Number of protein chains: 2
Amino acid sequence: MNPSKPQIQAPTCLPAELASSPVFLLGRLGYELKRRATAALEAVGYALYDFSVLSLLAESPCQAQGEIADLLNLDRGQLVGLLDSLEERQLIERQRDPKDRRRQTVKLTRAGRQELGRLRGLVARIEDDFLAALDLNERGELEQLLARVARHIDPRFAERGSVAVAS
Amino acid sequence: MNPSKPQIQAPTCLPAELASSPVFLLGRLGYELKRRATAALEAVGYALYDFSVLSLLAESPCQAQGEIADLLNLDRGQLVGLLDSLEERQLIERQRDPKDRRRQTVKLTRAGRQELGRLRGLVARIEDDFLAALDLNERGELEQLLARVARHIDPRFAERGSVAVAS
DNA sequence: TATTGTTATACTCTATAACTATA
DNA sequence: TATAGTTATAGAGTATAACAATA
(Lines give C-alpha, C1' and ligand atoms only; values in the text may rest on other atoms or scores of the structure.)
Protein backbone atom coordinates (compact mmCIF):
# COMPACT_ATOMS: atom_id res chain seq x y z
CA MET A 1 0.00 0.00 0.00
CA ASN A 2 2.53 2.49 1.13
CA PRO A 3 6.03 1.02 0.99
CA SER A 4 7.64 4.25 2.01
CA LYS A 5 5.96 4.36 5.36
CA PRO A 6 7.97 2.63 8.10
CA GLN A 7 4.90 0.59 8.97
CA ILE A 8 5.55 0.16 12.65
CA GLN A 9 6.22 -3.43 11.70
CA ALA A 10 2.62 -4.24 12.18
CA PRO A 11 3.25 -7.92 12.76
CA THR A 12 1.41 -9.79 10.07
CA CYS A 13 1.90 -13.02 11.93
CA LEU A 14 0.54 -14.50 15.07
CA PRO A 15 2.24 -14.17 18.45
CA ALA A 16 4.47 -17.09 19.38
CA GLU A 17 2.23 -17.92 22.30
CA LEU A 18 -0.63 -18.72 19.95
CA ALA A 19 1.36 -20.05 17.00
CA SER A 20 3.02 -22.63 19.24
CA SER A 21 0.01 -23.52 21.33
CA PRO A 22 -1.40 -26.96 20.60
CA VAL A 23 -4.81 -25.70 21.65
CA PHE A 24 -4.76 -22.85 19.19
CA LEU A 25 -3.12 -24.92 16.46
CA LEU A 26 -5.60 -27.76 16.70
CA GLY A 27 -8.46 -25.33 16.70
CA ARG A 28 -7.31 -23.48 13.62
CA LEU A 29 -6.19 -26.54 11.68
CA GLY A 30 -9.38 -28.37 12.47
CA TYR A 31 -11.40 -25.40 11.31
CA GLU A 32 -9.48 -24.97 8.07
CA LEU A 33 -9.68 -28.66 7.31
CA LYS A 34 -13.40 -28.71 7.88
CA ARG A 35 -13.75 -25.74 5.57
CA ARG A 36 -11.80 -27.47 2.81
CA ALA A 37 -13.56 -30.79 3.18
CA THR A 38 -16.97 -29.13 3.16
CA ALA A 39 -16.15 -27.21 -0.01
CA ALA A 40 -14.69 -30.22 -1.82
CA LEU A 41 -17.60 -32.50 -0.97
CA GLU A 42 -20.17 -29.86 -1.76
CA ALA A 43 -18.58 -29.43 -5.18
CA VAL A 44 -19.51 -33.03 -6.02
CA GLY A 45 -22.93 -32.87 -4.42
CA TYR A 46 -22.29 -34.22 -0.96
CA ALA A 47 -22.59 -32.85 2.54
CA LEU A 48 -19.64 -32.92 4.91
CA TYR A 49 -20.84 -35.88 6.93
CA ASP A 50 -21.90 -38.06 4.00
CA PHE A 51 -18.41 -39.48 3.74
CA SER A 52 -18.31 -40.36 7.43
CA VAL A 53 -21.69 -42.05 7.23
CA LEU A 54 -20.73 -44.14 4.21
CA SER A 55 -17.37 -45.04 5.72
CA LEU A 56 -19.02 -46.11 8.93
CA LEU A 57 -21.51 -48.32 7.12
CA ALA A 58 -18.77 -49.90 5.04
CA GLU A 59 -17.18 -51.36 8.15
CA SER A 60 -20.36 -52.08 10.07
CA PRO A 61 -22.87 -53.41 7.56
CA CYS A 62 -25.96 -52.69 9.61
CA GLN A 63 -26.33 -49.89 12.05
CA ALA A 64 -29.32 -48.37 13.76
CA GLN A 65 -29.68 -44.67 13.10
CA GLY A 66 -29.16 -43.71 16.69
CA GLU A 67 -25.86 -45.54 16.80
CA ILE A 68 -24.63 -43.79 13.69
CA ALA A 69 -25.60 -40.44 15.08
CA ASP A 70 -23.91 -41.09 18.40
CA LEU A 71 -20.67 -42.28 16.83
CA LEU A 72 -20.43 -39.27 14.56
CA ASN A 73 -21.48 -36.69 17.15
CA LEU A 74 -24.52 -35.90 15.10
CA ASP A 75 -27.94 -34.94 16.26
CA ARG A 76 -30.45 -37.71 15.48
CA GLY A 77 -32.73 -35.23 13.80
CA GLN A 78 -29.84 -33.97 11.73
CA LEU A 79 -28.98 -37.46 10.57
CA VAL A 80 -32.47 -38.04 9.19
CA GLY A 81 -31.97 -35.48 6.45
CA LEU A 82 -28.55 -36.84 5.55
CA LEU A 83 -29.89 -40.37 5.26
CA ASP A 84 -32.90 -39.22 3.24
CA SER A 85 -30.55 -37.66 0.74
CA LEU A 86 -28.33 -40.75 0.56
CA GLU A 87 -31.32 -43.04 0.25
CA GLU A 88 -32.82 -41.02 -2.60
CA ARG A 89 -29.60 -41.62 -4.50
CA GLN A 90 -29.84 -45.29 -3.56
CA LEU A 91 -26.48 -45.29 -1.82
CA ILE A 92 -27.99 -46.68 1.36
CA GLU A 93 -31.08 -48.63 2.33
CA ARG A 94 -33.22 -48.34 5.42
CA GLN A 95 -35.01 -51.35 6.80
CA ARG A 96 -37.17 -51.74 9.87
CA ASP A 97 -35.66 -54.09 12.41
CA PRO A 98 -38.20 -56.94 12.80
CA LYS A 99 -37.04 -57.53 16.38
CA ASP A 100 -37.81 -53.95 17.33
CA ARG A 101 -39.92 -52.18 14.81
CA ARG A 102 -38.97 -48.78 16.16
CA ARG A 103 -35.46 -49.14 14.84
CA GLN A 104 -34.33 -48.60 11.30
CA THR A 105 -31.22 -50.49 10.31
CA VAL A 106 -29.16 -48.81 7.66
CA LYS A 107 -26.89 -50.53 5.19
CA LEU A 108 -24.75 -49.62 2.22
CA THR A 109 -25.90 -50.59 -1.26
CA ARG A 110 -23.51 -51.68 -3.96
CA ALA A 111 -23.75 -48.24 -5.53
CA GLY A 112 -23.01 -46.75 -2.14
CA ARG A 113 -19.86 -48.78 -1.77
CA GLN A 114 -18.77 -47.71 -5.20
CA GLU A 115 -19.45 -44.06 -4.51
CA LEU A 116 -17.54 -44.32 -1.26
CA GLY A 117 -14.54 -45.36 -3.32
CA ARG A 118 -14.76 -42.17 -5.33
CA LEU A 119 -15.06 -40.03 -2.25
CA ARG A 120 -12.07 -41.75 -0.71
CA GLY A 121 -9.94 -40.43 -3.52
CA LEU A 122 -11.27 -36.96 -2.96
CA VAL A 123 -10.61 -37.06 0.78
CA ALA A 124 -7.13 -38.46 0.19
CA ARG A 125 -6.33 -35.48 -1.98
CA ILE A 126 -7.51 -33.01 0.62
CA GLU A 127 -5.33 -34.74 3.16
CA ASP A 128 -2.35 -34.82 0.82
CA ASP A 129 -2.59 -31.09 0.14
CA PHE A 130 -3.10 -30.27 3.75
CA LEU A 131 -0.15 -32.29 5.00
CA ALA A 132 2.15 -31.39 2.13
CA ALA A 133 4.68 -29.94 4.57
CA LEU A 134 5.33 -33.37 6.06
CA ASP A 135 6.94 -36.43 4.50
CA LEU A 136 5.30 -39.83 4.76
CA ASN A 137 7.14 -40.75 7.93
CA GLU A 138 6.13 -37.57 9.64
CA ARG A 139 2.53 -37.99 8.59
CA GLY A 140 2.57 -41.36 10.24
CA GLU A 141 3.98 -39.88 13.42
CA LEU A 142 1.35 -37.16 13.44
CA GLU A 143 -1.42 -39.66 12.92
CA GLN A 144 -0.15 -41.83 15.77
CA LEU A 145 0.08 -38.89 18.15
CA LEU A 146 -3.36 -37.60 17.23
CA ALA A 147 -4.88 -41.06 17.51
CA ARG A 148 -3.46 -41.51 20.99
CA VAL A 149 -4.82 -38.16 22.11
CA ALA A 150 -8.17 -39.01 20.58
CA ARG A 151 -8.38 -42.40 22.26
CA HIS A 152 -7.66 -40.75 25.57
CA ILE A 153 -10.39 -38.16 25.38
CA ASP A 154 -13.00 -40.19 23.54
CA PRO A 155 -13.47 -43.94 23.88
CA ARG A 156 -15.16 -44.07 20.51
CA PHE A 157 -11.71 -43.82 18.96
CA ALA A 158 -10.70 -47.10 20.58
CA GLU A 159 -9.13 -49.63 18.27
CA ARG A 160 -11.43 -52.41 17.21
CA GLY A 161 -10.80 -55.52 19.22
CA SER A 162 -8.95 -53.68 21.91
CA VAL A 163 -12.22 -52.57 23.43
CA ALA A 164 -11.43 -54.55 26.56
CA VAL A 165 -14.45 -53.36 28.46
CA ALA A 166 -13.63 -53.11 32.11
CA SER A 167 -14.97 -56.29 33.65
CA MET B 1 -27.32 -43.33 32.67
CA ASN B 2 -28.33 -46.96 32.73
CA PRO B 3 -25.40 -49.13 33.79
CA SER B 4 -27.55 -52.21 34.27
CA LYS B 5 -28.60 -52.55 30.66
CA PRO B 6 -26.37 -54.86 28.60
CA GLN B 7 -25.89 -52.16 25.99
CA ILE B 8 -25.89 -54.31 22.90
CA GLN B 9 -22.31 -53.23 22.22
CA ALA B 10 -23.00 -52.70 18.59
CA PRO B 11 -19.60 -51.45 17.59
CA THR B 12 -19.36 -48.53 19.93
CA CYS B 13 -16.24 -47.32 18.23
CA LEU B 14 -15.44 -45.64 15.00
CA PRO B 15 -14.30 -47.47 11.87
CA ALA B 16 -10.55 -47.63 11.44
CA GLU B 17 -10.76 -45.55 8.30
CA LEU B 18 -12.07 -42.59 10.26
CA ALA B 19 -10.24 -43.21 13.52
CA SER B 20 -6.91 -43.21 11.71
CA SER B 21 -7.64 -40.41 9.27
CA PRO B 22 -5.76 -37.20 10.04
CA VAL B 23 -8.59 -35.26 8.45
CA PHE B 24 -11.20 -36.79 10.70
CA LEU B 25 -8.94 -36.71 13.76
CA LEU B 26 -8.04 -33.07 13.37
CA GLY B 27 -11.65 -32.16 12.83
CA ARG B 28 -12.90 -33.97 15.89
CA LEU B 29 -10.04 -32.97 18.17
CA GLY B 30 -10.29 -29.36 17.10
CA TYR B 31 -14.00 -29.40 17.76
CA GLU B 32 -13.67 -30.99 21.19
CA LEU B 33 -10.91 -28.62 22.18
CA LYS B 34 -12.94 -25.62 21.13
CA ARG B 35 -15.83 -26.94 23.14
CA ARG B 36 -13.71 -27.32 26.25
CA ALA B 37 -11.99 -23.97 25.89
CA THR B 38 -15.30 -22.19 25.35
CA ALA B 39 -16.80 -23.78 28.45
CA ALA B 40 -13.79 -23.08 30.64
CA LEU B 41 -13.51 -19.45 29.59
CA GLU B 42 -17.22 -18.89 29.85
CA ALA B 43 -17.13 -20.18 33.40
CA VAL B 44 -14.88 -17.29 34.37
CA GLY B 45 -16.75 -14.71 32.32
CA TYR B 46 -14.82 -14.67 29.09
CA ALA B 47 -15.59 -15.44 25.47
CA LEU B 48 -13.52 -17.94 23.52
CA TYR B 49 -11.54 -15.37 21.60
CA ASP B 50 -10.80 -13.05 24.52
CA PHE B 51 -7.68 -15.04 25.34
CA SER B 52 -6.41 -14.82 21.77
CA VAL B 53 -7.01 -11.08 21.67
CA LEU B 54 -5.20 -10.46 24.94
CA SER B 55 -2.34 -12.72 23.95
CA LEU B 56 -1.96 -10.97 20.65
CA LEU B 57 -1.87 -7.55 22.29
CA ALA B 58 0.67 -8.72 24.83
CA GLU B 59 3.21 -9.33 22.09
CA SER B 60 2.24 -6.44 19.84
CA PRO B 61 1.51 -3.48 22.10
CA CYS B 62 -0.56 -1.54 19.60
CA GLN B 63 -2.69 -3.03 16.92
CA ALA B 64 -5.38 -1.60 14.72
CA GLN B 65 -8.65 -3.46 15.03
CA GLY B 66 -8.61 -4.64 11.46
CA GLU B 67 -5.23 -6.26 11.94
CA ILE B 68 -6.38 -8.08 15.03
CA ALA B 69 -9.46 -9.35 13.26
CA ASP B 70 -7.48 -10.54 10.25
CA LEU B 71 -4.89 -12.37 12.32
CA LEU B 72 -7.50 -14.18 14.36
CA ASN B 73 -9.82 -15.02 11.47
CA LEU B 74 -12.48 -12.89 13.04
CA ASP B 75 -15.04 -10.74 11.34
CA ARG B 76 -14.39 -7.06 12.02
CA GLY B 77 -17.92 -6.59 13.18
CA GLN B 78 -17.57 -9.53 15.50
CA LEU B 79 -14.42 -8.11 17.04
CA VAL B 80 -16.16 -4.87 18.02
CA GLY B 81 -18.32 -6.60 20.59
CA LEU B 82 -15.37 -8.52 22.03
CA LEU B 83 -13.35 -5.33 22.42
CA ASP B 84 -16.30 -3.48 23.92
CA SER B 85 -16.55 -6.12 26.58
CA LEU B 86 -12.81 -6.08 27.30
CA GLU B 87 -12.73 -2.30 27.38
CA GLU B 88 -15.61 -2.11 29.85
CA ARG B 89 -13.54 -4.22 32.20
CA GLN B 90 -10.59 -1.95 31.52
CA LEU B 91 -8.43 -4.77 30.24
CA ILE B 92 -7.72 -2.93 27.00
CA GLU B 93 -7.79 0.66 25.81
CA ARG B 94 -8.83 2.02 22.47
CA GLN B 95 -7.23 5.16 21.12
CA ARG B 96 -7.75 6.96 17.84
CA ASP B 97 -4.64 6.99 15.73
CA PRO B 98 -3.76 10.71 15.28
CA LYS B 99 -2.14 9.97 11.93
CA ASP B 100 -5.34 8.44 10.62
CA ARG B 101 -8.34 9.19 12.70
CA ARG B 102 -10.31 6.35 11.19
CA ARG B 103 -8.16 3.79 12.91
CA GLN B 104 -8.43 2.74 16.51
CA THR B 105 -5.28 1.38 18.06
CA VAL B 106 -5.80 -1.12 20.81
CA LYS B 107 -3.46 -1.80 23.68
CA LEU B 108 -3.38 -3.87 26.81
CA THR B 109 -3.74 -2.17 30.19
CA ARG B 110 -1.85 -3.28 33.26
CA ALA B 111 -4.99 -5.00 34.51
CA GLY B 112 -5.31 -6.67 31.13
CA ARG B 113 -1.80 -8.05 31.33
CA GLN B 114 -2.52 -9.36 34.78
CA GLU B 115 -5.75 -10.99 33.73
CA LEU B 116 -3.98 -12.58 30.79
CA GLY B 117 -1.70 -14.25 33.28
CA ARG B 118 -4.69 -15.81 35.01
CA LEU B 119 -6.16 -17.02 31.76
CA ARG B 120 -2.83 -18.54 30.74
CA GLY B 121 -3.06 -20.83 33.72
CA LEU B 122 -6.54 -21.84 32.72
CA VAL B 123 -5.57 -22.55 29.12
CA ALA B 124 -2.51 -24.47 30.25
CA ARG B 125 -4.75 -26.74 32.29
CA ILE B 126 -7.06 -27.40 29.39
CA GLU B 127 -4.06 -28.30 27.28
CA ASP B 128 -2.61 -30.50 29.97
CA ASP B 129 -5.83 -32.45 30.37
CA PHE B 130 -6.31 -32.74 26.66
CA LEU B 131 -2.80 -34.03 25.96
CA ALA B 132 -2.58 -36.21 29.04
CA ALA B 133 -1.97 -39.27 26.87
CA LEU B 134 1.37 -37.87 25.72
CA ASP B 135 4.56 -37.28 27.68
CA LEU B 136 6.39 -33.98 27.44
CA ASN B 137 8.62 -35.13 24.61
CA GLU B 138 5.69 -36.30 22.56
CA ARG B 139 3.81 -33.09 23.17
CA GLY B 140 6.77 -31.24 21.76
CA GLU B 141 6.82 -33.46 18.70
CA LEU B 142 3.12 -32.95 18.16
CA GLU B 143 3.47 -29.21 18.47
CA GLN B 144 6.34 -29.15 15.96
CA LEU B 145 4.41 -31.21 13.44
CA LEU B 146 1.27 -29.14 13.81
CA ALA B 147 3.23 -25.90 13.56
CA ARG B 148 4.85 -27.00 10.34
CA VAL B 149 1.53 -27.96 8.83
CA ALA B 150 0.09 -24.64 9.97
CA ARG B 151 2.94 -22.61 8.49
CA HIS B 152 2.45 -24.37 5.22
CA ILE B 153 -1.24 -23.66 4.89
CA ASP B 154 -1.32 -20.24 6.51
CA PRO B 155 1.52 -17.69 6.39
CA ARG B 156 0.20 -16.01 9.51
CA PHE B 157 1.76 -18.85 11.48
CA ALA B 158 5.21 -17.81 10.28
CA GLU B 159 7.82 -17.51 12.97
CA ARG B 160 8.60 -14.00 14.11
CA GLY B 161 11.93 -12.80 12.89
CA SER B 162 11.77 -15.02 9.88
CA VAL B 163 9.50 -12.47 8.30
CA ALA B 164 12.48 -10.86 6.61
CA VAL B 165 10.62 -7.72 5.68
CA ALA B 166 11.76 -6.54 2.30
CA SER B 167 13.79 -3.41 2.95
C1' DT C 1 -43.58 -44.79 30.76
C1' DA C 2 -39.51 -44.98 27.84
C1' DT C 3 -37.33 -45.16 23.33
C1' DT C 4 -36.72 -44.80 17.95
C1' DG C 5 -37.09 -42.15 14.28
C1' DT C 6 -39.22 -37.99 12.61
C1' DT C 7 -40.66 -33.27 12.26
C1' DA C 8 -40.97 -28.58 13.72
C1' DT C 9 -39.11 -24.80 16.32
C1' DA C 10 -35.70 -21.83 18.53
C1' DC C 11 -31.31 -20.38 19.18
C1' DT C 12 -26.34 -19.34 18.23
C1' DC C 13 -22.85 -18.28 15.37
C1' DT C 14 -21.15 -16.32 11.37
C1' DA C 15 -21.33 -13.93 7.08
C1' DT C 16 -23.29 -9.92 4.50
C1' DA C 17 -24.69 -5.66 3.93
C1' DA C 18 -25.59 -0.72 5.30
C1' DC C 19 -23.91 3.45 7.84
C1' DT C 20 -20.48 7.20 9.82
C1' DA C 21 -16.44 9.46 9.89
C1' DT C 22 -12.44 10.09 8.09
C1' DA C 23 -9.06 9.93 4.15
C1' DT D 1 -14.01 7.11 -4.17
C1' DA D 2 -12.10 4.13 -0.72
C1' DT D 3 -11.19 2.60 4.02
C1' DA D 4 -11.77 1.81 9.47
C1' DG D 5 -14.81 1.01 12.61
C1' DT D 6 -19.56 0.37 13.82
C1' DT D 7 -24.23 -1.28 13.57
C1' DA D 8 -28.02 -3.96 11.76
C1' DT D 9 -29.70 -7.75 9.13
C1' DA D 10 -29.86 -12.31 7.10
C1' DG D 11 -28.36 -17.02 6.59
C1' DA D 12 -26.32 -21.44 7.94
C1' DG D 13 -25.63 -24.60 11.36
C1' DT D 14 -26.88 -26.48 15.57
C1' DA D 15 -29.53 -27.56 19.56
C1' DT D 16 -34.18 -28.10 21.72
C1' DA D 17 -38.62 -29.55 21.96
C1' DA D 18 -42.84 -31.80 20.29
C1' DC D 19 -44.85 -35.97 17.89
C1' DA D 20 -46.18 -40.75 16.24
C1' DA D 21 -45.14 -45.56 16.47
C1' DT D 22 -43.50 -49.19 19.09
C1' DA D 23 -41.72 -51.38 23.25
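Throughout, a chain's letter reflects where its sequence line sits, starting with A, and its residues are numbered from 1. Basis for what follows: all heavy atoms, side chains included, without hydrogens, waters or symmetry-related copies. Not measured: the values here are computed from a predicted model.
- When all heavy atoms are compared, the tightest approach of A/Glu17 to B/Glu59 is N-OE2, 3.3 Å.
- Closest non-hydrogen pair, A/Leu56 versus B/Pro15, comes out as CD1-CD, 3.1 Å.
- Here B/Asp154 pairs with B/Arg156 in a salt bridge; the nearest charged N to carboxylate O distance falls below 4.0 Å.
- Annotation: side chain to side chain donor-acceptor pair (under 3.5 Å) contacts of B/Asp75 (sequence neighbours excluded): none.
- Taking atom CD of B/Gln63 as the reference point, atom P of D/dG5 lies 11 Å away to the nearest angstrom.
- Distance B/Gln65 CD to D/dT3 C1': 14 Å, rounded to the nearest Å.
- For the pair A/Val23/B/Phe51, no side-chain contact is recorded, criterion being any heavy-atom separation below 4.5 Å from C-beta on.
- Across the protein-nucleic acid pair, B/Asp70 atom CG and D/dT3 atom C1' stand 13 Å apart, rounded to whole Å.
- Between the P atom of C/dT4 and the CZ atom of A/Arg94 lies a distance of 16 Å, rounded to the nearest Å.
- When side chains are defined from C-beta on, A/Val53 counts as touching A/Leu57, because their heavy atoms get closer than 4.5 Å.
- One finds a salt bridge joining A/Asp70 and A/Arg76 here, because a Lys/Arg side-chain nitrogen approaches an Asp/Glu carboxylate oxygen to under 4.0 Å.
- Contact of the B/Gln114 side chain with the B/Thr109 side chain is not registered, since no non-hydrogen atoms from C-beta on lie closer than 4.5 Å.
- Residues B/Leu116 and B/Leu91 are not in side-chain contact: their nearest non-hydrogen atoms beyond the backbone lie 4.5 Å or more apart.
- Going from atom CD of A/Gln104 over to atom P of C/dT7 covers 10 Å, rounded to whole Å.
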Contact string for nucleotides 18-23 of chain C, one letter per nucleotide 5' to 3', B = base within protein heavy-atom range under 4.0 Å, S = sugar-phosphate only, - = neither, reads ---BBS
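- Non-hydrogen atoms lying under 4.0 Å from DNA chain C are contributed by B/Asp75, B/Gln78, all within residues 75-89 of chain B.
- Taking five base pairs at each end of the helix from C/dT1-D/dA23 to C/dA23-D/dT1, the local helix axes there meet at an angle of 20°, rounded to 10°.
- Note on A/Arg89 versus A/Glu115: no salt bridge recorded, every NZ/NE/NH1/NH2 to OD/OE distance being 4.0 Å or above.
- Inter-residue side-chain proximity for A/Leu72 and B/Phe24 is flagged as met; some heavy-atom pair is nearer than 4.5 Å.
- Taken residue by residue, residues 29-43 of chain A places heavy atoms nearer than 4.0 Å to DNA chain D at A/Lys34.
- With respect to the salt-bridge test (charged N to carboxylate O, under 4.0 angstrom), the residues B/Glu127 and B/Arg139 do not qualify.
- Evaluation of the side chain to side chain donor-acceptor pair (under 3.5 Å) rule for A/Glu32 yields A/Arg35, A/Arg36 as partners, not counting sequence neighbours.
- In this structure, A/Leu74 places its CG atom 13 Å from P of D/dG13, rounding to the nearest Å.
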